[in-house]
Amino acid sequence: MINKEIFEFPIIYTNPIPKIALGWGSYQTVGDECKAAGMKKALIVTSGLKGTGIVDELKGVINYAGVSTDIYDKITTNPKDWQIMEAYKAFKDGQCDGVVAVGGGSSMDTAKGVRVVAANGGKDITNFTVFIDPPWMETLKKMKPCTIPQVSVATTSGTGAEVSSFAALSNTKTKMKILVSAPNIHSTVAVIDPLLARLQSREMAAWSGFDAMAHGIEAFVTKVTGPYSHGMLLHCVELVYKNLREFTYNRMNNTACERMCWASTMGGIAIGFGAGAGIVHGLGHQISALTDCHHGRINAIMMLAGERYNQPAIIEKLAALTRAMGVDTYGMTEWEAADRWFDEIEQLLKDLDIIPGQLKKQFGVKETDLEKIVKVYANDFCSQGNPREFNYDEVLGLLKGAL
Ligand SMILES: [Fe+2]
């Protein structure tokens, strides 16, 4: 009899992805997309994006297509469980039949949360958390699928949430960042418009852009990754490496802006093509839950420590990433090419004004916080595919080194 246990992840699953409209001026299609999805009244879910005029512009585009709107604009970074429930109440009270997320990952993931709650009888969003234990694919079977349409309009360039099948939210009671999912949770339509992305602040461009880099790197080095995603991930890393500096300091460089939009979406799609994320996202989630640190920024801060930890298990992959960034590795051993990856990322972080590690100085993380971070990470399914297997003491040591 064949021993079926010899492969740790024998089957690569892909998540469904939305219809995608990426390009200059694509935001003008949002009203028609809402109408085509059957919406009569949409709840716009957003942080407000004050000073950009984006929300008013989008509202006008949607109304012009004959779809009326209400707005929930209280979303913050690391969206909180109560914000999702407040947005759900606004959705219900306003008798809406669709959601339009306008913003970065926080707005898109909140909108997904509203649809999950609506599909499952109004239960609190924290009931839909997916963990390694109990097995998340079994948990998903107990949830009713989302049926309400969602149009996601990206205003950052890094999250990939517009095309993903998960929502990352903060459980404020347990102080944990949780991943939520349900069948059909992905957006119906994803709209990525460089005209909107170039209105980001310098900080947001750098932090959000590094999230795309983190997706490219982490999804490429995971144990669950596969050939579907590899091409997109290597190209995602190349695009971010070659364009993020320029875009951060010159958001009106149209070429750099558009390439960051492509990189962001590719990273998100590739994660859903079976690849997942790893220790950088996993630890970053819990540090964000404690400190409310921006998701992309904490991934950038933890990147060197996370991959140094993984390095012995991913030499060939790190060398491939170095080559993807355009570094000439001719004459180098694979070990040397892998080491060069750390040099390149360190310089990129410096250029983006991001300080790696120093969690205590930058965010007030205490040594007594670290054990909880490791314990929660152990059950976050980002740890499942991480290339170096989980070991409590070793991960605690990694965090102490980053403190
Ligand atoms: Fe991310």
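What you see below is based on every heavy atom in this structure, not just the backbone, and it leaves out hydrogens, waters and symmetry mates. For ligands, and for the atoms within them, numbers begin at 1 and follow the listed sequence.
Defined by atom type and a distance below 3.5 Å, a donor-acceptor pair is present between the side-chain atoms of D211 and N299.
Legend: ring pair (Phe, Tyr, Trp, His ring centres under 6.0 Å) pairs involving residues 203-223, not counting sequence neighbours, sorted by first then second residue: W207-H294, H215-H281, F220-H230.
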Enumerate donor-acceptor pairs with a distance under 3.5 Å from any side-chain N or O in residues 109-126 to protein atoms, sequence neighbours excluded.
from	atom 1	to	atom 2	distance (Å)
D109	OD1	K112	NZ	3.1
D109	OD2	A168	N	2.9
T110	OG1	S106	O	2.8
K112	NZ	A161	O	2.8
K112	NZ	S164	O	3.4
K112	NZ	S164	OG	2.9
K112	NZ	F166	O	2.8
R115	NE	I148	O	2.8
R115	NH1	Q150	OE1	2.8
R115	NH1	I185	O	2.7
R115	NH2	N184	O	3.1
R115	NH2	H186	O	3.2
N120	OD1	K144	N	2.8
N120	ND2	V116	O	2.9
N120	ND2	K144	O	3.3
D124	OD2	T126	N	3.0
D124	OD2	T126	OG1	2.6

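The environment of Y392 atom OH is dense: over 12 non-hydrogen atoms of other residues, nucleotides or ligands sit within 6.0 angstrom. Within a 6.0 Å radius of CD in E394, more than 12 heavy atoms belonging to other residues, nucleotides or ligands are found.
T52 is linked by a side chain to side chain donor-acceptor pair (under 3.5 Å) to nothing, counting only residues two or more places apart in sequence or in another chain.
Looking only at protein N/O/S atoms, the ones less than 2.8 Å from the Fe ion (ligand 1) make 4 in total.
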